[in-house]
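Here is the structure we will look at, set down as structure tokens.
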Amino acid sequence: MTALKNDRFLRALLKQPVDVTPVWMMRQAGRYLPEYRASRAKAGDFMSLCMNPEFACEVTLQPLDRYPQLDAAILFSDILTIPDAMGLGLYFETGEGPRFKKTVSTLADIEALPIPDPQKDLGYVMDAVSTIRRELNGRVPLIGFSGSPWTLATYMVEGGSSKDFRKSKAMLYDNPQAMHLLLDKLAQSVTSYLNGQILAGAQAVQIFDSWGGSLSDAAYQEFSLAYMRKIVSGLIREHDGRKVPVILFTKGGGLWLESIADAGADALGLDWTCDIGEARRRVGNKVALQGNMDPTVLYANPTAIRAEVARILARYGSGTGHVFNLGHGITPEVDPVNAGVFMEAVHEFSAQYHQ
């Protein structure tokens, strides 16, 4: 494969020296970009965009073409591809987000679920990864990703998004055997899915535990972190002669940083509720940190955006091991100009911390 021209993202994840703090944004290929909206209209709908490798490649590269400061590309896909491949029938309802035609509510439902084969059942994702990697031509590394087992399970049990996770938590407490079986099947599926992405060309992978923060302390350890730990232990960690870093991101996970740091990943993603300096103190040199500006700062004026970037960099301090990111995905109404201000500021202000 083509040699990387810019590898500072991978180096920072492995706590190796860099010249400036690398930066990328969760949901950097998305609705805030007019070029993305044009591609989605051309594709017809969101799922057609995801399931066509050429379209997925096109929208993955759009932010890189607009923002030369970006230090990584992230595969354009959706976290719910695995439940869809298990036969639940993913679709998107306007104004309501993702929905499933079928849900799981009993042990029998879960026992009947297949474990998807990445090549046969999710081949369109693997094709997208290899297509993107080829078209990147070594410009920046490519990130692959998956949802965490707990996060995927909530959608499968609830049938879509939820504010209180009532059905998922009821199963967790009423029928832990069923929930553990579901999570175990999902952990196996995520492991093979991410390994498939790595073999197809992903150079780092992230597990999005979007709803882990909804759990109690004991439930998080047993029903979310334990399964992410299992995935991490089963991942390919070196490919094409390079280490493949793994990032764990639990939104609302600030209570459990030490536990997450012990899970075997190379980096932790932080949401905006954590102070990054305090997080660095708590985890020490065990892992790199990714984050963690509040995405809504991007609605502010450029001076305010630059000030917040400077504050977060100062809180992290000198040395490597920091990948600058938002604390969650960029939101659709953000002015693309402000996103550019954010990224330029990261590189401009961070050089002093890497001398």
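Worth saying up front: this structure is predicted, and the values here are computed from it rather than measured. Atoms considered below: every heavy atom in the structure, side chains included; atoms not considered: hydrogens, waters and symmetry mates.
- Environment of CZ in R37: crowded, with over 12 heavy atoms of neighbouring residues, nucleotides or ligands closer than 6.0 Å.
- Around CG of N301, the count of heavy atoms belonging to other residues, nucleotides or ligands within 6.0 Å exceeds 12.
- More than 12 heavy atoms of other residues, nucleotides or ligands shown are found within 6.0 angstrom of NZ on K5.
- The line from CD of E333 to CZ of R31 is 7.5 Å long, rounded to the nearest 0.5 Å.
- Ring pair F9/W24 is perpendicular by interplanar angle, where above 60° counts as perpendicular and below 30° as parallel.
- Outside the 6.0 Å centre-distance limit, the rings of Y173 and F223 are not counted as a close aromatic pair.
- Residues T21 and Y316 bring no donor and acceptor atom of their side chains to less than 3.5 Å of each other.
- Between atom CG of residue D240 and atom CD of residue Q203 there is a gap of 7.5 Å, rounded to the nearest 0.5 Å.
- Between the CD atom of E222 and the CE atom of M179 there is a distance of 11.0 Å, given to the nearest 0.5 Å.
- Annotation: Q177, atom CD; neighbour count of heavy atoms from other residues, nucleotides and ligands within 6.0 Å does not exceed 12.
- Considering R315, R282, R281 as possible partners of D275, the one that fulfils the salt bridge (charged side-chain N to carboxylate O under 4.0 Å, His left out) test is R315.
- Ring geometry, H180 versus Y227: the interplanar angle falls from 30° to 60°, so the pair is classed tilted.
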Open item on the list: If you apply the rule ring pair (Phe, Tyr, Trp, His ring centres under 6.0 Å), what do you find for F76 with F55, and how did you get there?
Closed with: CA-CA 9 Å; F76 181 79; F55 273 130; over 10 Å; no
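- Note on ring orientation: taking the six-membered ring where Trp is involved, the planes of F208 and F249 are perpendicular (angle over 60°, cut-offs 30° and 60°).
- Checked options K243, K286, K15, R237; the residue passing with D266 is R237 (criterion: salt bridge (charged side-chain N to carboxylate O under 4.0 Å, His left out)).
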